Amino acid sequence: MVEVVWEYIVRDQARGQFELAFGPGGAWSKLFAKSPGFRGTTLMRDLKNTRRYLVIELWNDETRRVGSIAEQQAEYTELQNVFDE
């Protein structure tokens, strides 16, 4: 199994939108929901710095992850860039 960890520092006014997009059933997990080898995501928020989040993707293997990203590159990049500061 492969776990990919993303760290985001989110603007205060965007935290609710971020949690909806990257939380359970959000746009991030829906993007890959039908991809072979995708096992889901976990969203974690730092208790000391409430602007800091970790998004953890679970995949069966790196080959399937890379293939799924390639198939959905535009949507993947767009969603990643929405919350960049």
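Since the structure is predicted, the reported quantities are computational estimates derived from the model, not experimental observations. No hydrogens, no waters, no symmetry mates; every other heavy atom, side chains included, goes into these values.
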Practice problem: Report the hydrophobic cluster partners of L20, with the cluster defined as I, L, V, M, F, W, Y residues connected by side-chain heavy atoms closer than 4.5 angstrom, directly or transitively. | Solution: none

Self-check item: side chain to side chain contact (heavy atoms under 4.5 Å, CB included) against R64, all qualifying residues, sequence neighbours excluded
Solution: P36, N60, D61

Quiz prompt | Contact summary for T50 and R15, nearest pair of heavy atoms | solution = O-NE, 3.3 Å

Quiz item: Hey, does R45 have a side-chain heavy atom less than 4.5 Å from the side chain of R51?
Solution: no

Quiz item: Is there a chain of hydrophobic side chains (I, L, V, M, F, W, Y, each step under 4.5 Å between heavy atoms) that links M1 to I56?
Solution: yes

Self-check item: Those residues that, when tested against L31, pass side chain to side chain contact (heavy atoms under 4.5 Å, CB included) (two or more places apart)
Solution: Q72, E75, Y76

Self-check item: salt bridge (charged side-chain N to carboxylate O under 4.0 Å, His left out) contacts in which one or both residues fall within residues 30-44, not counting sequence neighbours
Solution: none

Practice problem: Tell me whether W6 is reachable from V10 by hopping between hydrophobic residues (I, L, V, M, F, W, Y) whose side-chain heavy atoms are closer than 4.5 Å. | Solution: yes

Quiz item: With T41, which residues qualify under side chain to side chain contact (heavy atoms under 4.5 Å, CB included), at least two apart?
Solution: W28, S29, F38, E57

Practice problem: Would you check if the distance from the ring center of W59 to the ring center of F32 is below 6.0 Å? | Solution: yes

Quiz item: Can we call the ring centroids of F18 and Y53 under 6.0 Å apart?
Solution: yes

Quiz item: Just how far is it from atom CZ of R65 to atom CG of L58, taken to the nearest 0.5 Å?
Solution: 11.5 Å

Self-check item: Minimum heavy-atom distance K48-D46, with the two atoms named
Solution: N-OD1, 2.8 Å

Quiz item: Which residues, ordered by chain and number, are linked to V66 in its hydrophobic cluster, where ILVMFWY side chains connect at heavy-atom gaps below 4.5 Å, directly or through other members?
Solution: none

Quiz item: Should V4 and I69 be regarded as members of a common hydrophobic cluster, given that ILVMFWY residues are connected when their side-chain heavy atoms come within less than 4.5 Å of each other, either directly or indirectly?
Solution: yes

Quiz item: In terms of hydrophobic clustering (I, L, V, M, F, W, Y; side-chain heavy atoms under 4.5 Å; direct or indirect links), are M44 and V2 co-clustered?
Solution: no

Quiz item: Closest approach of L79 and A21, non-hydrogen atoms and distance?
Solution: CD1-CB, 4.4 Å

